[in-house]
Amino acid sequence: MERLILLCALFGVAFSVQVDFRPYNQSALLLFQGSDADHDGIFSRQELDNEFVKYDANGDGRVSRHEYTEYVTLSTPSLHEFSHALYDDYDVSGDHHLDKHDYDLYYAKLDADGDGSVTQDEFVNYWVDLFIRTEHLHGAQGKK
Ligand SMILES: *[C@@H]1O[C@H](CO)[C@@H](O)[C@H](O)[C@H]1NC(C)=O
Ligand SMILES: [Ca+2]
Ligand SMILES: [Ca+2]
Ligand SMILES: [Ca+2]
């Protein structure tokens, strides 16, 4: 099956209509490469902010569930359910808004060894695990 990867920003996962993230380690690596804007091998806290600001359509400094899921499904409607699962994963405080507080907590989740920076390995391991946990939501069913 052809896997068209049109764009690979961290969470604005815009793939082709036929989504298949397998092999997960490869998709996670592509996400990392698309998110590590300065290519220093570290996904920095600033780079995380730079991703989330893209989803803040009304510019109020917070990302609502609607803003995020619209952003993802505009390019890839089949990721509707997956986009909600991702939102829940980012919304660490669970208050249905994404803001600086969530980004700090989310960054800490990615930073497995707690040294204050997120390496490629930490990032890829996190996303591979997430792809596996959410497999029933991102449309790999029925494909080879
Ligand atoms: C993904 O994992 C497979 C199986 O362990 C390995 O052969 C492959 O090189 C890995 N790919 C990447 C991009 O790490
Ligand atoms: Ca970087
Ligand atoms: Ca907003
Ligand atoms: Ca780390």
Side-chain angles (χ1 to χ4, degrees), residues 1-140:
M1 202 205 70
E2 190 181 13
R3 248 180 333 131
L4 276 181
I5 297 171
L6 303 175
L7 170 73
C8 233
L10 173 55
F11 314 132
V13 274
F15 284 69
S16 65
V17 175
Q18 284 282 83
V19 181
D20 190 347
F21 293 112
R22 294 170 300 179
Y24 296 141
N25 61 348
Q26 195 174 68
S27 293
L29 183 60
L30 286 169
L31 286 176
F32 179 81
Q33 289 166 347
S35 311
D36 176 18
D38 65 3
H39 307 295
D40 69 347
I42 297 292
F43 179 55
S44 69
R45 183 63 185 75
Q46 180 63 48
E47 285 165 338
L48 177 71
D49 278 351
N50 295 347
E51 293 297 333
F52 279 108
V53 79
K54 294 177 193 167
Y55 319 134
D56 182 14
N58 70 358
D60 70 349
R62 308 199 294 181
V63 176
S64 69
R65 182 177 294 273
H66 183 72
E67 284 174 325
Y68 178 70
T69 55
E70 283 286 294
Y71 183 94
V72 173
T73 57
L74 198 63
S75 54
T76 320
S78 65
L79 289 181
H80 178 77
E81 279 189 89
F82 186 47
S83 70
H84 278 276
L86 289 179
Y87 190 88
D88 290 333
D89 195 48
Y90 307 145
D91 182 20
V92 184
S93 74
D95 66 352
H96 303 282
H97 281 285
L98 301 183
D99 55 28
K100 291 273 178 203
H101 184 54
D102 295 292
Y103 306 154
D104 286 342
L105 295 173
Y106 183 71
Y107 195 77
K109 286 208 292 185
L110 293 176
D111 180 17
D113 70 2
D115 72 346
S117 64
V118 174
T119 61
Q120 176 179 305
D121 279 355
E122 286 172 329
F123 185 100
V124 167
N125 289 342
Y126 186 92
W127 275 85
V128 167
D129 180 62
L130 186 141
F131 280 134
I132 291 170
R133 277 190 285 123
T134 58
E135 194 155 52
H136 57 297
L137 299 177
H138 48 77

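Only heavy atoms go into these numbers, but all of them, side chains included; no hydrogens, no water, no symmetry mates. First listed ligand is number 1; within each ligand, the first listed atom is number 1.
- Protein N/O/S atoms closer to the Ca ion (ligand 4) than 3.0 Å number 6 in this structure.
- With hydrogens and angles ignored, the 3.5 Å screen pairs no side-chain donor or acceptor of Glu70 with any backbone N or O of Glu67.
- Note on the Ca ion (ligand 3): protein N/O/S atoms under 3.0 Å are Asp56 OD1, Asn58 OD1, Asp60 OD1, Arg62 O, Glu67 OE1, Glu67 OE2.
- Only protein N, O or S atoms were considered, and those under 3.0 Å from the Ca ion (ligand 2) are Asp36 OD1, Asp38 OD1, Asp40 OD1, Ile42 O, Glu47 OE1, Glu47 OE2.
- Judged by distance alone, with hydrogens and angles left aside, the side-chain atoms of Asp121 form no donor-acceptor pair with the main-chain N or O of Asn125 at under 3.5 Å.
- Distance alone, capped at 3.5 Å, is enough to place a donor-acceptor pair between the Asp36 side chain and the Asp40 backbone.
- Closest approach of Gln120 and Leu29 over heavy atoms only: NE2-CD1, 3.4 Å.
- In this structure, the separation between CZ on Phe21 and OG1 on Thr134 is 8.0 Å, given to the nearest 0.5 Å.
- The backbone N or O of Leu79 lies less than 3.5 Å from no partner atom in the side chain of His138, so there is not a single donor-acceptor pair.
- Remark: the backbone N or O of Val92 is paired with a side-chain donor or acceptor of Asp102 at under 3.5 angstrom.
- Partner Phe32 forms a ring-ring contact (aromatic ring centres under 6.0 Å, His included) with one of Trp127, Tyr126, Phe123 and no other, that one being Phe123.
- A donor-acceptor pair shorter than 3.5 Å can be found between the side chains of Glu135 and Tyr24.
- Aromatic ring centres of Tyr103 and Phe52: separated by under 6.0 Å.
- Under the rule for a side-chain contact (heavy atoms from CB on, under 4.5 Å), the partners of Arg65 that lie at least two apart in sequence or sit in another chain are Thr69, His84, Tyr87, Asp88, His96.
- For the atom pair OG of Ser93 and NE2 of His101, the computed distance is 5.5 Å after rounding to the nearest 0.5 Å.
- For Asp104 and Lys100, the salt-bridge test fails: no basic side-chain N is under 4.0 Å from an acidic carboxylate O.
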